[in-house]
**Student:** 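Have a look at this one before I ask anything.
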Amino acid sequence: MSDLLLKAGDVSLEYLDGTRRVCAVDRVSLEVRRGEFVGLVGPSGSGKSSLLFLLAGLRAPTSGQVELLGRILPRKPDRSAHLRRRHVGFLFQEPFLVPYLDVRENALGHATDPAAAERMERLAEAVGMTAMLGERPHRLSGGERQRASLLRALAAAPDLVLADEPTANLDQPTGHAVMDALRAQTQEAGLVVVTHDPGMLEDADRILFLRDGRLEQA
Ligand SMILES: Nc1ncnc2c1ncn2[C@@H]1O[C@H](COP(=O)(O)OP(=O)(O)OP(=O)(O)O)[C@@H](O)[C@H]1O
Ligand SMILES: [Mg+2]
C-alpha cells in the first residue's frame with residue numbers, strides 16, 4: 001500500500017463575495033504521507049482554513065483536484081461525505097457540537113467500531129475531559145468545546161486529521177496535551193495542523209507557510 005494519503009494538485013478556491021472575487025487559495029500543490037505531521041501557518045486571512053476545507057473535500061476547488069488515498073474527491077461535497085466520514089478527522093476553527101447530545105455522544109456519533117469508545121475514553125483522560133463526557137455543549141467552556149471536538153475528530157482513528165487551530169482557546173499545558181494526543185493518535189496517519197502558535201509545531205516534520213493563498217517556503 002502506498003503511504004501517500006493526500007495529494008493536492010494545483011488547487012485554487014475563489015469565493016464570490018457580492019460582485020468581488022476573493023482568491024482564497026491560489027494554485028497550491030502538496031502531499032501528505034502516512035506518519036507525517038505537517039504544520040500550516042500564515043497571516044490571518046491567508047487562506048489556511050479555506051485550504052483545509054479543500055483538502056477535506058468540504059468545498060470543491062475552483063480548479064485543480066484533491067486525491068485522498070488515491071481517489072479523486074468528487075466535486076460535490078455531499079458526494080465525498082462517505083470518504084470523509086471513513087478516513088478524515090476534521091477539527092473546525094469554530095468548534096461546533098450537536099447541542100442536544102452530550103460530549104460522549106457527540107464524539108461517537110458516526111463511529112461504529114467498538115474500539116472507538118475505548119479510544120475516546122483514553123483521549124478524554126489525556127486531555128482532561130473525562131469529567132465532562134456526560135455534559136451537553138452549553139455547559140462547556142470554549143476550550144472544553146474545542147477538546148470535545150478533538151474527541152470527535154479522533155474517535156474513529158481516521159487516516160488523516162486536519163486540525164484548524166486546535167489549541168486556540170487553551171492554556172499552554174492543555175494546548176500541549178492536545179498536541180500530544182493528536183500526535184499519539186496519528187502515528188500511522190497523517191496530521192495537518194493550522195496554528196498561530198509556533199510552539200505547537202515543535203515536532204512537525206514540515207511547516208508550510210501560506211501568504212495570500214499561495215504556499216511559500218517557510
Ligand atoms: N465564505 C466566504 N466568502 C467570501 N470570502 C471568504 C469566505 N471565507 C473566507 N473568505 C475570505 O477568504 C480569505 C481566506 O480566508 P480563510 O478563512 O481561509 O483565512 P485563514 O488563513 O484561515 O485566516 P484566520 O487565521 O483568520 O483563520 C479571506 O480573505 C477571507 O475574507
Ligand atoms: Mg482560519
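Indexing begins at 1, ligand by ligand and atom by atom, following the structure's order.
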**Student:** With a cut-off of 4.0 Å, which atoms of ligand 1 are near a heavy atom of Pro43?
**Tutor:** 21 (O)

**Student:** I need the atoms of ligand 1 closer than 4.0 Å to a non-hydrogen atom of Gln93, numbered in the order shown.
**Tutor:** 27 (O)

**Student:** Looking at atom 28 (C) of ligand 1, would you say a protein heavy atom lies below 4.0 Å from it?
**Tutor:** yes

**Student:** Using 2.8 Å as a strict upper limit, say whether an N, O or S atom of Ser50 approaches the Mg ion (ligand 2) that closely.
**Tutor:** no

**Student:** Would you kindly check if the NZ (Lys) or CZ (Arg) of Arg84 is within the cone defined by 45 degrees around the ring axis of Phe53 and under 6.0 Å from the six-membered ring centre?
**Tutor:** no

**Student:** Who's the nearest protein heavy-atom neighbour of atom 30 (C) of ligand 1, and how far?
**Tutor:** Val22 CG1, 4.9 Å

**Student:** Run the numbers for me: atoms of ligand 1, each under 4.0 Å from some heavy atom of Glu165, listed by number.
**Tutor:** 25 (O), 27 (O)

**Student:** Can you tell me if CG on Asp10 sees more than 12 non-hydrogen neighbours from other groups inside 6.0 Å?
**Tutor:** yes

**Student:** Is the backbone N or O of Ala148 less than 3.5 Å from a side-chain atom of Arg152, with the two atoms forming a donor-acceptor pair by type?
**Tutor:** no

**Student:** Evaluate Ser50 for polar contact with ligand 1, using N/O atom pairs at a separation under 3.5 Å.
**Tutor:** yes

**Student:** If you have a sec, work out which protein heavy atom is nearest atom 6 (C) of ligand 1 and how many Å separate them, to one decimal?
**Tutor:** Tyr15 CD1, 3.3 Å

**Student:** Below 4.0 angstrom, counting only protein heavy atoms, does anything approach atom 25 (O) of ligand 1?
**Tutor:** yes

**Student:** Considering only the protein, which heavy-atom contact is closest to atom 17 (O) of ligand 1, and what is its distance?
**Tutor:** Ser49 CB, 3.8 Å

**Student:** Within the stated cut-off of 2.8 Å, is an N/O/S atom of Ser49 closer than that to the Mg ion (ligand 2)?
**Tutor:** yes

**Student:** Does any N or O in the side chain of Arg34 come within less than 3.5 Å of the main-chain N or O of Glu188, such that one atom is a donor and the other an acceptor?
**Tutor:** yes

**Student:** Are Glu14 and Thr62 close enough that a side-chain donor and a side-chain acceptor fall under 3.5 Å?
**Tutor:** no

**Student:** Test your reading of the model: is there a side-chain donor-acceptor pair from Ser141 to the backbone of Glu144, 3.5 Å cut-off?
**Tutor:** yes

**Student:** Please could you name the atoms of ligand 1 that His196 approaches to less than 4.0 Å, counting only its heavy atoms?
**Tutor:** 25 (O)

**Student:** What residue and heavy atom of the protein are closest to atom 21 (O) of ligand 1, and at what distance?
**Tutor:** Lys48 NZ, 2.8 Å

**Student:** Heavy atoms only: give me the nearest Ala189-Leu5 pair and the separation to one decimal.
**Tutor:** C-CD1, 3.8 Å

**Student:** Arg147 side chain to Val127 main-chain N or O, any donor-acceptor pair under 3.5 Å?
**Tutor:** yes

**Student:** Suppose I only count heavy atoms of Ala24 and a 4.0 Å limit; which atoms of ligand 1 are within that range?
**Tutor:** 12 (O), 13 (C), 14 (C)

**Student:** N/O of Gly45 under 3.5 Å from N/O of ligand 1, yes or no?
**Tutor:** yes

**Student:** Between Asp205 and Arg33, does any NZ, NE, NH1 or NH2 come within less than 4.0 Å of an OD or OE carboxylate oxygen?
**Tutor:** no

**Student:** Report, in ascending order of atom number, the atoms of ligand 1 lying under 4.0 Å from any heavy atom of Ser46.
**Tutor:** 19 (O), 21 (O)

**Student:** Does Arg86, at its CZ atom, have more than 12 non-hydrogen atoms belonging to other residues, nucleotides or ligands within less than 6.0 Å?
**Tutor:** no

**Student:** Any nitrogen or oxygen of Gly47, main chain or side chain, under 3.5 Å from a nitrogen or oxygen of ligand 1?
**Tutor:** yes

**Student:** When you measure from the side chain of Gln146 to the backbone N and O of Glu165, does any donor-acceptor pair fall under 3.5 Å?
**Tutor:** yes

